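A quick write-up on the structure given underneath.
The chains referred to below are lettered A, B, ... by the order of the sequence lines, with proteins before strands, and numbering in each begins at 1. Just so it is clear, the model here is predicted, and its values are computed rather than measured.
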2 protein chains.
Amino acid sequence: MNIGEIAKRAGVSRSTVSYALSGKRPVSTATAQRINNVIAELGYRPNASARALAEGRTRTLSLVIPPASRRLTDVQLGFVASVVEAAAKHDLDVLLSPSGGDHDRSFERVVTGRRVDGVILMEILVDDPRVARLEQEALPFVTIGHVERPGASSWVDVDYAELINRCVHHLADLGHRNVVLINRSDELVAAGYGPAMRSTTGFLAAAEQRGLTAHTACCADEPAAGLACFEDIRSRWPDVTAAVTINEAALPGLQRALRHAGLDVPGDFSITGVIANRLAEDFHPPLTAADVPAEEMARLAVDLLVERIADPDAPHRNALLQPGITLRSSTGARHR
Amino acid sequence: MNIGEIAKRAGVSRSTVSYALSGKRPVSTATAQRINNVIAELGYRPNASARALAEGRTRTLSLVIPPASRRLTDVQLGFVASVVEAAAKHDLDVLLSPSGGDHDRSFERVVTGRRVDGVILMEILVDDPRVARLEQEALPFVTIGHVERPGASSWVDVDYAELINRCVHHLADLGHRNVVLINRSDELVAAGYGPAMRSTTGFLAAAEQRGLTAHTACCADEPAAGLACFEDIRSRWPDVTAAVTINEAALPGLQRALRHAGLDVPGDFSITGVIANRLAEDFHPPLTAADVPAEEMARLAVDLLVERIADPDAPHRNALLQPGITLRSSTGARHR
DNA sequence: TTGTATGCGTTATCAG
DNA sequence: CTGATAACGCATACAA
């Protein structure tokens, strides 16, 4: 079932069918009618590969995700779902490419094989080799998160430095004098993962500004690590009365550790940070936090990418989002 | 940068390059060497669209997911990550197609446009129209979850009826006489969502077998609904002492409701069901539950699909998994 | 308003 | 062992 078959049955040439479909050339209403009837009857759809080959574009995007082995966090999964939805609005399909582990085969396949028109990169490092790879290949791309080099790419990100900074100020206003940052894992920090680096920057800057005693701790992306991390914090720095975090995956463990320690939140201990909306609300008590606007970021990323595909030489654009901090119930005045 | 360019630089014909790449025809080591050098130097990769057109296959699978608007549950997300990983092992890419809402455009694009070699369908209804669509299109597919009609497709599923049945027996053994099933949403039940239907079947059968008083409640996939649902249960059936559930998304709300009611688990109230491993362990206390083996199911699904693509006329195969119930701390003897 | 002819980059058939 | 060359199905420049 191809375009020739349709043409034959409608008694026209193949090009006429093609033009009737694309609308790039006027077609008399009579023949258009005939063609459409045949198409409807046979349920014809142009072959995507043939169209891609002829047209030079695939109408497909690639979303590069962290390797599946590493559990995706809620925020990351939010991106995946939202990117797919945003792409669908442009009638674009989304190819999922795990990358970051040893096997970047999928990534290479997609990039070198001209399998997609553009790429959305998430969970990037401050100096990510894949960015260089995409530039070299001249494939349009947008990053969720940004590399340090200004103007290096189009991107959308959350202003972690600023948001964490605000969180610290919020705690200082409540009278806290001794705070800790619960960051992502050692490995990510060592690899130069943007949010981890920038959170630290914002945290330390605000603490210094307000004259607070500040500690930082790394914590793997899982509940058990959260529990261990908090117990470690309590034993090393017993005077800490508040924590700021960007580590969602550790939250359940943190919850458990607080319960074990018999600490009331926010009575005895305050918690805040940058956390996906849903997780913040599921915490007990609900977390005062800056909510990562995953849907908005995904929409912006797709829009930027579509723009970039249309005009690859246009200057890069970007968006640094600063969602407000939603006051819930996990922060309160220090009373120790 | 195409195969002709490589051929020219290596001083051979295009077909020789093609065969050197595919190995489908012997090539002298000398020319093979020359070709490989040129390829390595220029970083050449065959154009995926052209190859798909010529070869008649895309080396791509489609994973059909519920519409992004509806939040994906943890189990569903586990499938997505695991399917991508399993597909990568076969050097297959995966295209994500949201479907189920009004806009099945993505699904139709993929199916009719011969965009993929096969489809994995998840979250299917007991009589799912998409199954018929795929059969009509003669596109190989595998479902996660199964339609009622036997032999209708290759599939992999968890034996909800049996597992929920065992959960009830477990509760009965502990002395519980009055139990409730917290199911998925009204809409899903009404639409004929398999796990929801089969859980009910297994639940009622076991309850009857053991002479228990049994109630069932539907609950939307979100924490708030879980809270409301549990409060409703307590007011309507105050004698209930144990719940069985397959609704993961409602768990945080359930947790909160128990706390509000001042109920100790498992002292005052027991909970069990079929729940993703991670969620069961994050509950407080950890849930006695049958863990949905998402990775295994995904791997099986991909393997079945690859088989099916290779031999579309082979009889359907399927796998009905019965993971064991892991005893944790959320079930205990009735003592009221 | 429509038809003809060519190209997109590979694979695979048929000759050598 | 290797080279031409015809598909694959569509889009589009060129003619009419």
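Contact annotation for B/G11: backbone-only contact, meaning every heavy-atom pair under 4.0 Å involves sugar-phosphate atoms and none involves a base. Across all strands shown, B/S28 has heavy atoms under 4.0 Å from sugar-phosphate atoms exclusively, and none from any base.
The side chain of A/S18 sits closest to D/dA11 out of C/dT4, D/dA11, D/dC8. Side chain of B/R25, nearest nucleotide from C/dT10, C/dG3, D/dT2: D/dT2. Among C/dT11, D/dA13, D/dG3, the nucleotide with an atom closest to any side-chain atom of A/Y19 is D/dA13. Comparing C/dG9, D/dT12, D/dG3 against the side chain of A/K24 picks out D/dT12 as the nearest. If you check C/dT10, C/dT2, C/dT13 against the side chain of B/R14, the one that comes closest is C/dT10. Proximity note for B/V12 (side chain, C-beta onward) versus D/dG3, C/dG9, C/dT1: the nearest is D/dG3. When distances run from any side-chain atom of A/A54 to the nucleotides C/dC8, C/dG9, C/dT4, the shortest one goes to C/dC8. If you check C/dT10, D/dG3, C/dG3 against the side chain of A/S15, the one that comes closest is C/dG3. Closest to the side chain of A/I3, out of D/dT12, D/dA11, C/dT10, is D/dA11.
No donor-acceptor contact under 3.5 angstrom links the side chains of A/H316 and A/S153, judged on distance only. Under 3.5 Å, the side chains of B/T60 and A/R115 contain a donor-acceptor pair of N or O atoms.
The phosphate of C/dG9 has OP1 or OP2 within less than 4.0 Å of a side-chain N or O from B/N2. The shortest distance between the side-chain N/O atoms of A/T16 and the OP1/OP2 oxygens of C/dG3 is below 4.0 Å. Remark: B/R51 is in phosphate contact with C/dT11, judged by side-chain N or O atoms under 4.0 Å from OP1 or OP2.
Following rounding to the nearest Å, B/I39 (CD1) and C/dT10 (P) show an atom-to-atom distance of 10 Å. Distance CZ (B/R59) to P (C/dT11): 8 Å, rounded to an integer number of Å. Spacing between atom CG of A/L53 and atom C1' of C/dT11 amounts to 12 Å, rounded to whole angstrom units. Put simply, CD1 on A/I35 is 12 Å from C1' on C/dG3, counting in whole angstrom units. For the pair B/R57 CZ and C/dT10 C1', the computed distance is 13 Å after rounding to whole Å. When the C1' atom of C/dG9 is taken as reference, atom CZ of A/R115 falls 15 Å away, rounded to whole Å. Rounded to whole Å, the distance from CZ on A/R114 to P on C/dT10 is 12 Å.
With respect to A/R59 and A/D93, no salt bridge is recorded, no charged nitrogen being found less than 4.0 Å from a carboxylate O.
One finds the CG atom of A/L188 at 7.0 Å from the CD atom of A/E123 (value rounded to the nearest 0.5 Å). With rounding to the nearest 0.5 Å, the separation of CG in B/L305 from CZ in B/F141 is 10.0 Å.
Nearer the 5' end of DNA chain C, as judged by each residue's closest nucleotide, is the contact made by A/T31, out of A/E55 and A/T31.
Of the listed residues (B/V64, B/V142, B/T143, B/V111), just one forms a side-chain contact (heavy atoms from CB on, under 4.5 Å) with B/L134, and that residue is B/V111.
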